[in-house]
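Bear in mind the structure is a predicted one, so any value in this text is a computation, not a measurement.
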Amino acid sequence: KIKGSFCNNTLNFGSSGQFAVVKKCSEKSTGTEYAAKIMKKKRRRGSRRGVSTEEIIREASILLKTRHEGVIYLHAVFETTVDYTLVLEL
């Protein structure tokens, strides 16, 4: 579930991969729609499933540093006990 000012109910956006699912969400206060990239955490260091904290930090820092019309904008990052969520512009 996406926390904070974003809706908890998300709609399937039609995209999923080995480590992530992308869903459409909206900001509660404005109704602005975003893409929520939800990635499962690795359960163990040696596991091949899921993503590590380092991988999330790397992806988020690249998106935050890059300001270009061809690169999507990162609005927020959320963490739960089982996954990470990147909230991105549509």
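Annotation for Thr53 and Tyr84: closest pair OG1-OH, 2.5 Å, computed over non-hydrogen atoms. Nearest heavy-atom pair, Ala36 versus Cys25, reported as atom, atom and distance to 0.1 Å: CB-SG, 4.0 Å. Of all the heavy atoms in Asp83 and Lys40, the pair that sits closest is CB-CA, 4.1 Å. The minimum heavy-atom distance between Leu63 and Ile72, with the atom names listed, is CD2-O, 3.8 Å.
Not counting sequence neighbours, Thr81 has no partner by the side chain to side chain contact (heavy atoms under 4.5 Å, CB included) test. Remark: Leu64 engages Leu74 in a side chain to side chain contact (heavy atoms under 4.5 Å, CB included) (not counting sequence neighbours).
Put simply, CG on Leu86 and CE on Met39 are 3.5 Å apart, with the number rounded to the nearest 0.5 Å.
For the side-chain hydrogen bond (donor to acceptor under 3.5 Å, both in side chains) condition, the pairs that include at least one residue of residues 55-68, sequence neighbours left out, are Lys37-Glu59, Ser52-Glu55.
When atom types are taken as modelled, the side chain of Glu89 and the backbone of Tyr73 share a donor-acceptor pair closer than 3.5 angstrom.
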